[in-house]
Protein chains: 2
Amino acid sequence: MERRATIKDVAEAAGVGVATVSRVLSGGSASPRTRERVLAVAAQLDYRPSALGRNLRQRRTGGMGLLVPDLTDTFYGQLAEGVLACARSAGEPVVLGSTGGDPEQESELIGMLLEQSVDRLIAVPSGDAETWAPAIRAGMTVVFADRLPAPAAAEEDVRAAALTDLLALDGLPATPQTRPLDVPAVVADDRAGIRTAVRYLRGLGHKRIAFLGGPGHDRRVAAFREAVGAPVDEELVVFGTGSRDSAYAAASGLFQSRPDLSAVVTGGNVLGEAAVLAARELDLRVPRDVSLVMYDDVPWAELCSPPLTVIAQPGRDMGYRAAELVLRAGTRKPRSVVLPTELIIRGSCGPRR
Amino acid sequence: MERRATIKDVAEAAGVGVATVSRVLSGGSASPRTRERVLAVAAQLDYRPSALGRNLRQRRTGGMGLLVPDLTDTFYGQLAEGVLACARSAGEPVVLGSTGGDPEQESELIGMLLEQSVDRLIAVPSGDAETWAPAIRAGMTVVFADRLPAPAAAEEDVRAAALTDLLALDGLPATPQTRPLDVPAVVADDRAGIRTAVRYLRGLGHKRIAFLGGPGHDRRVAAFREAVGAPVDEELVVFGTGSRDSAYAAASGLFQSRPDLSAVVTGGNVLGEAAVLAARELDLRVPRDVSLVMYDDVPWAELCSPPLTVIAQPGRDMGYRAAELVLRAGTRKPRSVVLPTELIIRGSCGPRR
DNA sequence: CCTCTCCATGGAAACGATTCCATCATGCTT
DNA sequence: AAGCATGATGGAATCGTTTCCATGGAGAGG
């Protein structure tokens, strides 16, 4: 366990000052002669600049933070892989946190990142605008992925701004308004995805279509409501809290309370899983008794019998793009990105019986 | 975006020296009177010590690194969740890297962590002992999870040591030997898991049982060989390289080249997924035509029709325990941990037709 | 009452990089 | 040839913390 060489060692061995070494290594100006010598010595001593010194001096830790609700959810696994891929190609570290969908834990993790002086953050938010205010106020560059934080309960203007954001992202005309929470986001085109799915089901003759959502699926629910059109049968819009158990309970409850429904759209893959399980448990055949469209394309969607028809969103790309945004934030002002979704028709939807 | 308060600000506001503030905040000795005042001022200024200064001074970054092959693999998602849970309760950051199962990327990530002075690392290793030598030499506290690195190709003594390790972990008498790569690990009891599965299949009458493995499944293959007993039909032991495509190719190739096999054990869930897909594609019914046991219990195993019989290993616990080990490493010398596996019988195995 | 001990306390030195600024040499212009 | 601009260079300050060490005061024991 030998002590690592410092910039001082290199300077001494090369017979130059530390400033020169630093310049050479970070691309500053130096005479070719000196540059060569320093490089040679550095290589010979196997010198690698310590991030510690640099970080302190620049009062910021490199790299970025990444906050997701649950890595066990394959979609967030894909998203994380995307972020990691981009970070790796930039040689930057990624500090990961899993919030469990709990705003309080999210808040704590933000605090931890602040303490670490990590000033770039990609997040699938669970808390509302209020939860995120401290991060923004501290000057963090934040990029949201997959969804936006709910508007703060208390502050009216924040609410308005977040709403503006939602509408803008959905392509609706945004009312001109100040935007206190001015954070770029990388999201999928939920609206188009849901609309396509609902139209597809309608085309198969389905009239009573249910939506099974979870936390953070606000935009998808809104899109669903819009797609089915008024009047919306509110009993057909149900929610789980995020855990697999609660998703199962919600799905099971839905099927039992409304045996007349003929199709279900789920807002995420955990909900989709729950729907398949609950349907089987209640002896509902897919797609004979009930048709199913799940948000998220995950590898196991193909494994089900029948294979699941899904609204695919590019999880990996979302992560990659978000990481790009957060890294380039210094250069250009990042704008939000909306990625396309695709309805992948497999076998879980059939004509209304 | 206000500047954060430093220890100096606190000291000044409290009318004490910075040393005293530091002591109070890190539990050193101080008079109750001073302590109270410092605490009050710190709270009032919303002071949080910057990890940057501390890290530089102690020449180490807190927290731990985590290296997994692929977060898209649900099992590693579970493992990561375990690590994160433990780290969170300790208030420590986790730096994540995904290696894609590639020793070279793994090596680069180790270098990155070294540069960050992260000196605690949990890894599902992809490279061999040689890949890991630099980390050990640099004084990192490493804990392997799920598997051990393959012995180095070149060094004979390292090979011997790693072999010793393997045998010891499997409960076989280990030949006394020097162990150059002395790294604790948290692994599942692969041997018992595989043996139980093979016995179960034998009990159902199966004679030609195949094993479908991937990189890092060495111990599972070894256990499989031992469980089926000599002579092993080598054509029934096949490998993929880790990607989903290659897993599918391996599974499909196996089924086609040996239509006489009646049961398959897969070394991981990606391979299991591939086996289900390949079987369906070739019109093999599970379990009528072929029985299937998959390593790893993942949520979607229950979704398959029929639900998959699996060898469950506690991914989350493995992560948690590994994190505990790596955090306690300063206190007590960590010993390797072997966690139990469980054969969960669902519907993918039937009597030999 | 003096001294010895112990504890609280603050000043200052690390830690390893970046970066400002002064210095010096070189080469060009007038 | 003198002056000026340009570029290379090294010393020193800086970032925010921990920790070593010296100092001072108070209490206890002689």
Side-chain angles (χ1 to χ4, degrees), chain A residues 2-39 41-42 45-63 91 93 114-119 138-139 330, chain B residues 2-39 41-42 45-63 93 112 114-119 138-139 330:
Chain A
E2 65 270 20
R3 198 180 65 86
R4 268 177 57 195
T6 74
I7 198 174
K8 228 168 155 181
D9 300 326
V10 177
E12 216 159 306
V16 299
V18 290
T20 304
V21 177
S22 174
R23 266 187 302 256
V24 168
L25 261 34
S26 45
S29 73
S31 75
R33 204 172 135 33
T34 328
R35 147 164 284 114
E36 198 185 343
R37 190 148 41 107
V38 169
L39 253 26
V41 170
L45 289 183
D46 190 30
Y47 168 71
R48 307 197 53 178
S50 155
L52 257 37
R54 178 182 323 126
N55 290 348
L56 177 56
R57 173 63 222 234
Q58 341 208 94
R59 310 156 95 179
R60 56 189 298 281
T61 298
L114 244 24
E115 193 166 319
Q116 302 288 328
S117 301
V118 172
D119 62 351
Chain B
E2 65 270 26
R3 197 180 64 88
R4 269 176 58 194
T6 74
I7 199 174
K8 229 168 155 181
D9 300 326
V10 177
E12 215 159 306
V16 299
V18 290
T20 304
V21 177
S22 174
R23 265 187 301 254
V24 168
L25 261 35
S26 45
S29 73
S31 76
R33 205 172 133 35
T34 330
R35 149 164 282 115
E36 199 187 341
R37 192 148 41 107
V38 169
L39 252 27
V41 170
L45 290 182
D46 191 32
Y47 168 71
R48 307 196 53 176
S50 154
L52 258 36
R54 180 184 322 129
N55 290 348
L56 176 56
R57 174 61 221 233
Q58 336 207 105
R59 300 138 140 273
R60 55 191 296 282
T61 297
M112 187 265 282
L114 244 25
E115 194 166 317
Q116 302 288 328
S117 301
V118 172
D119 62 352

Need one value for [X]: base, sugar-phosphate or nothing, where a base atom within 4.0 Å counts as base even if backbone is also close, heavy atoms only.
X: B:Thr34; value: sugar-phosphate
X: A:Gly17; value: sugar-phosphate
X: A:Leu52; value: nothing
X: A:Ala19; value: base
X: A:Ser50; value: sugar-phosphate

[atom1] of [X] versus [atom2] of [N]: gap in Å, rounded?
X: B:Lys8; N: C:dG11; atom1: NZ; atom2: P; result: 11 Å
X: A:Leu25; N: D:dT9; atom1: CG; atom2: P; result: 14 Å
X: A:Gln116; N: D:dT17; atom1: CD; atom2: P; result: 13 Å
X: B:Ile7; N: C:dG11; atom1: CD1; atom2: C1'; result: 13 Å
X: B:Arg48; N: D:dT17; atom1: CZ; atom2: C1'; result: 16 Å
X: B:Arg54; N: C:dC15; atom1: CZ; atom2: C1'; result: 14 Å

Please pick, from [options], the nucleotide with the shortest atom-to-atom distance to any side-chain atom of [X].
X: B:Val18; options: D:dG10, C:dA12, C:dA17; result: C:dA12
X: A:Ala30; options: D:dT9, D:dT19, C:dA17; result: D:dT9
X: A:Arg59; options: C:dA17, D:dC15, D:dA12; result: D:dC15
X: B:Arg57; options: D:dT14, D:dT9, D:dG16; result: D:dG16
X: B:Ser22; options: D:dT19, C:dG16, C:dT18; result: D:dT19
X: B:Arg3; options: C:dT9, D:dT18, D:dG16; result: D:dG16
X: A:Leu56; options: D:dC15, C:dG10, D:dG10; result: D:dC15

Side chains of B:Thr61 and A:Leu52 in contact at under 4.5 Å (non-hydrogen atoms): yes
Between A:Ser26 (side chain only) and A:Ser22 (backbone N and O only), is there a donor and an acceptor less than 3.5 Å apart? yes
Is the backbone N or O of A:Val16 less than 3.5 Å from a side-chain atom of A:Arg37, with the two atoms forming a donor-acceptor pair by type? no
Within a reach of under 6.0 Å around CD of B:Glu36, are more than 12 heavy atoms found that belong to other residues, nucleotides or ligands? no
State whether B:Thr6 places a side-chain N or O below 4.0 Å from either non-bridging phosphate oxygen (OP1 or OP2) of D:dG16. no
Could you tell me whether B:Asp9 and B:Arg3 have a side-chain N and a carboxylate O separated by less than 4.0 Å? yes
